[in-house]
Amino acid sequence: MDEHELEERFQELLDKYKGEPGALIPLLQGAQAIFGYLPQEVMARVAEAAGEPLSQALGVATFYSQFRLKPHARHTIRCCHGTACHVSGATLISQEIEKHLGIKAGENTPDMFFTVEEVHCVGACGMAPVVMIDDRAYGKLTPDKAVAAVKAFREQKEVQEAGGNSGAALVAASERGDR
Ligand code: FES
């Protein structure tokens with residue numbers, strides 16, 4: 001979608017909710033669905049359409065973890081730092097992943113492939129320590145296994161993306177022994 005189409009969709013969203021009570025959250029959700037995150041100028045226009053001060057809109061966007069104020073990479077690595085994972089070595093796992101990618105939690109890789117986050121319990125304590133990559137859970141990790149999982153995930157996605165997500169590409173890659 002080009003910039004013009006994004007702007008059109010955003011304007012439709014603003015028009016739809018303008019002046020409606022309680023519009024702030026649906027507006028924030030809609031804007032994030034369009035842009036992938038909430039840039040400052042988008043926040044200003046959302047606040048205006050919702051009839052709220054910008055500080056209030058920013059306060060809500062910061063409070064709810066579903067909202068992102070910074071661009072987000074295509075894939076997300078969530079390192080669990082809940083209690084069970086913490087006592088099973090989550091800190092070392094995070095450090096090793098961050099070292100491998102050359103970024104810290106909260107940052108994106110320069111190619112916008114991965115964003116790394118530290119999160120609270122992801123609900124899989126029996127497999128602690130756990131790392132989620134997008135919606136896949138990797139459990140009972142060591143730092144080495146965690147880095148191997150990150151590398152394997154990337155390799156698999158790159159094959160998929162190069163083949164336009166086609167099953168044929170995956171099969172071909174698998175036959176070549178790339179996976
Ligand atoms: S503490 Fe990590 S999954 Fe529960």
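FYI, the numbering just counts along the sequence from 1. Remember, it's 1-based here, ligands and their atoms both numbered in the order they're listed. Because only heavy atoms are used, hydrogens play no part in the values below, and waters and symmetry mates are left out as well, while side chains stay in.
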Between T142 and D144, is any side-chain donor less than 3.5 angstrom from a side-chain acceptor? no
In chain order, what residues pass the ring-ring contact (aromatic ring centres under 6.0 Å, His included) check against F113, with sequence neighbours excluded? H75
Any donor-acceptor N or O pair under 3.5 Å, side chains H4, E8: yes
Does E107 use its side chain to pair, donor to acceptor, with the backbone of K104 at less than 3.5 Å? yes
Using modelled atom types and a 3.5 Å cut-off, is there a donor and acceptor pairing between side-chain atoms of E117 and backbone atoms of T76? no
So, at under 2.8 Å, which protein N, O or S atoms would a careful student list around atom 4 (Fe) of ligand 1? C121 SG, C125 SG
Check this for me, if you would: do R9 and E5 make a salt bridge, where the nitrogen-to-carboxylate-oxygen distance has to be below 4.0 angstrom? no
